[in-house]
Peer 1: 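Here you go, one structure.
Since we're looking at a predicted model, the values are computed, not measured.
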Amino acid sequence: LAGTGGSGLVLIRYTVSNSSVFYTSGIWTCPAGVTSVQALVIAGGGGGGGYIGGGGGAGGYVWNSAVSVIPGTPYAITVGAGGGTSTASGTAGGNSIFSILTAVGGGYGAGSGVVGGNGGSGGGAGGTGAGNNAGGTATTGQGNAGGTNYGQSGVGPAGGGGGAGGVGATAVSSVAG
């Protein structure tokens with residue numbers, strides 16, 4: 001069963017006790033006296049593939065402990081939506097953006113016999129009996145690659161989507177013995 005990817009978020013911390021969290025796109029206006037902020041930007045995750053589909057990759061993430069800002073200035077915030085799913089390959093997650101920081105959306109989980117999508121973290125390859133397909137690649141510093149499917153006669157299992165903490169699982173044989 002395929003699933004949709006989760007939405008991203010943008011977190012901006014400008015004093016020890018003050019922060020703003022965005023779960024949807026919007027505008028953040030820099031408070032008076034603030035010239036530097038800490039920011040965590042997370043993109044939307046990729047949607048999973050349909051029939052014998054690979055897992056969607058996690059949205060990429062970017063952390064910066066000193067983003068220069070100008071008091072009184074409005075900054076556009078873009079929060080990436082999670083990718084969708086279908087009977088074939090899913091769709092990539094949306095990018096999330098704050099100031100100079102862009103987190104790349106997660107790669108789509110591939111449908112049957114297709115290579116996983118590239119993204120913040122790569123999507124998993126779709127299962128097939130025709131041979132091994134690679135998982136999608138990850139954006140450097142933002143995530144990990146998707147897993148490879150397992151080619152076997154008949155229907156082979158699909159690879160898992162990559163995540164922040166590791167590479168997506170590579171499928172193993174689904175044939176007993």
Peer 1: State, to 0.1 Å, how close A58 and A164 come at their nearest heavy-atom pair, and which atoms those are.
Peer 2: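 Distance-wise, the nearest heavy atoms are CB-N, 4.3 Å.
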Peer 1: Which pair of non-hydrogen atoms, one from A32 and one from P71, has the smallest distance, and what is that distance?
Peer 2: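 Heavy atoms of A32 and P71 come nearest at CA-CB, 4.1 Å.
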Peer 1: Without placing hydrogens or testing angles, list every side-chain donor-acceptor pair under 3.5 Å for residues 110-125, not counting sequence neighbours.
Peer 2:
residue, atom, partner, partner atom, Å
S112, OG, G127, O, 3.1
N118, OD1, T137, N, 2.8
N118, OD1, T137, OG1, 3.0
S121, OG, N144, N, 3.1
S121, OG, G163, O, 3.4

Peer 1: Please check this pair: side chain of N149 against backbone of N133, looking for a donor-acceptor N/O pair closer than 3.5 Å.
Peer 2: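 A pair under 3.5 Å: yes.
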Peer 1: So which residues get pulled into Y14's cluster when ILVMFWY side chains under 4.5 Å apart are joined, directly or through others?
Peer 2: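 Its cluster partners, ordered by chain and number, are V10, I12, F22, W28, V34, V37, V41, V62, V67, V69, I70, Y75, I77, V79, F98, I100, L101.
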Peer 1: Can you sort out the partners of A138 under side-chain contact (heavy atoms from CB on, under 4.5 Å), two or more places apart, ordered by chain and number?
Peer 2: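 A138: no side-chain contact (heavy atoms from CB on, under 4.5 Å) contacts found.
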Peer 1: I need the minimum non-hydrogen distance between S89 and S86, along with the two atoms involved.
Peer 2: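 Between these two residues, the closest heavy atoms are O-OG, 2.9 Å.
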Peer 1: Under 4.5 Å side-chain heavy-atom separation, chaining through any Ile, Leu, Val, Met, Phe, Trp or Tyr, what else clusters with Y23? Say none if it is isolated.
Peer 2: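 Members besides Y23, by chain and number: L9, L11, V21, L40, I42, Y61, W63.
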Peer 1: Mind listing the closest non-hydrogen atom pair of P157 and A171 along with its distance?
Peer 2: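 It is O-CB, 3.4 Å.
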Peer 1: Enumerate the residue pairs fulfilling side-chain hydrogen bond (donor to acceptor under 3.5 Å, both in side chains) with a member in residues 38-48, sequence neighbours excluded, ordered by first and then second residue.
Peer 2: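 Passing the test, one end in residues 38-48: R13-Q38.
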Peer 1: Does T87 have any side-chain contact (heavy atoms from CB on, under 4.5 Å) partners at least two apart in sequence or in another chain, and if so, which?
Peer 2: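 Result, side-chain contact (heavy atoms from CB on, under 4.5 Å) vs T87: none returned.
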Peer 1: With T139, which residues qualify under side-chain contact (heavy atoms from CB on, under 4.5 Å), at least two apart?
Peer 2: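 For T139 the side-chain contact (heavy atoms from CB on, under 4.5 Å) partners, ignoring immediate neighbours, are V104, Q142.
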Peer 1: Report the residues that fulfil side-chain contact (heavy atoms from CB on, under 4.5 Å) with T148, sequence neighbours left out, ordered by chain and then residue number.
Peer 2: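 T148 satisfies side-chain contact (heavy atoms from CB on, under 4.5 Å) with N132, T170 only.
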Peer 1: Under the side-chain hydrogen bond (donor to acceptor under 3.5 Å, both in side chains) rule, what pairs show up with a residue in residues 91-102, not counting sequence neighbours?
Peer 2: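 Qualifying pairs: none.
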Peer 1: Could you tell me whether a side-chain N or O of T85 sits under 3.5 Å from a main-chain N or O of G48, the two making a donor and an acceptor?
Peer 2: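 Checking the backbone N and O of G48 against the side chain of T85, a donor-acceptor pair under 3.5 Å is found.
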Peer 1: Go through the structure and list residues passing side chain to side chain donor-acceptor pair (under 3.5 Å) with N64, not counting sequence neighbours.
Peer 2: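 Here no residue qualifies.
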Peer 1: Search all heavy atoms of A158 against all heavy atoms of G53 and return the closest pair with its distance.
Peer 2: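 It is CB-O, 3.3 Å.
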Peer 1: Only counting residues at least two apart or in another chain, list the ones meeting side chain to side chain donor-acceptor pair (under 3.5 Å) with S65.
Peer 2: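 For S65 there are no side chain to side chain donor-acceptor pair (under 3.5 Å) partners, ignoring immediate neighbours.
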